[in-house]
> 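Structure below; questions to follow.
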Amino acid sequence: SLESKRAAIMVAMITVGVGFACCENLFYIFIYGKAYRSSEVFILLARSLSPVHPIAAALQSIGVCKRDLEKDKIRLGTIILPSILFHGFYDFMLVWINFIGNRKGNYVDGNEGIYMDSGSDRISSILSVAILLSGFLYYIQKSRKQRERLAVLDGEATVKSSNLI
């Protein structure tokens, strides 16, 4: 059925997103990171719990299914645009909040200890969770509508191939 093909496409794309996130996290921490080992492991754990890449891949899977299963004339840019906006907005807000926090009095002491304003960290955490949740809810909404369209297409295909009618 089209629904099973849709599920296979979605699972495959999310798997690729998780693998990419894993590689990116390892490169980010162990190759580009210059922090202490204990903080690297903490950062790795925190980044691993953030499902930005799987949600972005799920958003892309909706467009791929629309193009391949629903036979809609949709371009590659339209397929990847929602995930680019989602991931870009997520990254922008994290960088922007970090920038604002640094302007409000973060400093490095002589012992290389960094003291940060906890207010900007709290805002950053709240916004990142809100963006992740909104991306997930957007995916749920679009996925539900697509599942209904595919059920109609499956029903039409069944009627056309039936010998009883």
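The residues of the chain are indexed from 1 along the displayed sequence.
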> For residues L127 and Y90, determine if any side-chain heavy atom of one lies less than 4.5 Å from a side-chain heavy atom of the other.
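Not touching, per the 4.5 Å side-chain cut-off.
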> Using 0.5 Å steps for rounding, measure from the CZ atom of R75 to the CG atom of L81.
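Going from CZ on R75 over to CG on L81, the span is 13.5 Å.
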> Once rounded to the nearest 0.5 Å, what's the spacing between atom CG of L150 and atom SG of C65?
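Taking CG in L150 and SG in C65, the distance rounds to 7.0 Å.
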> Are V52 and D91 close enough that some pair of their side-chain heavy atoms sits under 4.5 Å apart?
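Result no, sub-4.5 Å side-chain heavy-atom pair not found.
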> Heavy atoms, side chains only, cut-off 4.5 Å: are D72 and R67 in contact?
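No; the side chains remain at least 4.5 Å from each other.
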> Between I84 and M13, is there shared hydrophobic-cluster membership here, with clusters defined by ILVMFWY side-chain heavy atoms closer than 4.5 Å?
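I84 and M13: one cluster.
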> Among the clusters formed by ILVMFWY side chains lying less than 4.5 Å apart, do L132 and F92 turn up in the same one?
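Yes; F92 is reachable from L132 via cluster members.
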> How long is the gap from SG on C23 to NE2 on H53, to the nearest 0.5 Å?
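C23 atom SG to H53 atom NE2 measures 10.5 Å (nearest 0.5 Å).
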> Could you grab the distance from atom CZ of R149 to atom CD of E70, nearest 0.5 Å is fine?
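Here the interatomic distance stands at 4.0 Å.
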> Which heavy atom of A57 sits nearest to which heavy atom of G17, and what is that distance?
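Smallest heavy-atom distance, with atoms named: CB-CA, 4.3 Å.
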> Got a donor-acceptor contact below 3.5 angstrom from the T78 side chain to the I74 backbone?
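No.
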> Looking at every heavy atom in both S4 and S1, which two are closest together, and how far apart are they?
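Taking S4 first and S1 second, the nearest heavy atoms are OG-O, 2.8 Å.
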> Parallel, tilted or perpendicular: which fits the ring planes of F136 and Y139, with parallel below 30° and perpendicular above 60°?
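Ring orientation of F136 relative to Y139: tilted.
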> Report the C-alpha distance between Y138 and I55 in whole Å, list the side-chain angles of each, state the deciding distance to 0.1 Å, and finish with yes or no for side-chain contact (heavy atoms from CB on, under 4.5 Å).
CA-CA 10 Å; Y138 177 78; I55 292 174; over 6 Å; no
> Hydrophobic cluster membership, with links at side-chain heavy-atom distances under 4.5 Å among I/L/V/M/F/W/Y: are I131 and I140 in one?
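Yes, because I131 and I140 connect within a single hydrophobic cluster, where side-chain heavy atoms sit under 4.5 Å apart.
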> Linking I/L/V/M/F/W/Y whenever any side-chain heavy atoms sit under 4.5 Å apart, do V64 and L76 land together?
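In one cluster with V64: L76, yes.
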> Show the nearest heavy-atom pair for residues I14 and P54, with the distance to one decimal.
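Nearest pair, atom of I14 first, then P54: CG1-O, 3.8 Å.
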> Just by modelled atom types, is the A58 backbone N or O under 3.5 Å from a matching donor or acceptor in the S61 side chain?
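Yes; at least one donor-acceptor contact below 3.5 Å.
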> Distance check, rounded to the nearest 0.5 Å: L153 atom CG versus E3 atom CD?
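Interatomic distance, L153 CG to E3 CD, rounded to 0.5 Å: 11.5 Å.
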> With side chains defined as the heavy atoms from C-beta onward, is the minimum distance between S83 and I80 less than 4.5 Å?
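S83 reaches I80 side chain to side chain.
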> Hydrophobic cluster membership, with links at side-chain heavy-atom distances under 4.5 Å among I/L/V/M/F/W/Y: are F89 and L59 in one?
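They do share one cluster, since a chain of ILVMFWY contacts under 4.5 Å joins F89 to L59.
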> Could you tell me the separation between the CG atom of D154 and the NZ atom of K5, rounded to the nearest 0.5 Å?
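Answer rounded to 0.5 Å: 8.5 Å.
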> Using a strict threshold of under 4.0 Å (side-chain N to carboxylate O), is an ion pair present between E148 and K145?
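Answer for the salt bridge query: no.
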> Using a 4.5 Å cut-off on heavy atoms from C-beta on, say whether the side chain of K66 contacts that of I62.
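Result no, sub-4.5 Å side-chain heavy-atom pair not found.
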> Are E24 and F27 side-chain neighbours, meaning at least one heavy-atom pair lies under 4.5 Å?
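E24 does not reach F27 side chain to side chain.
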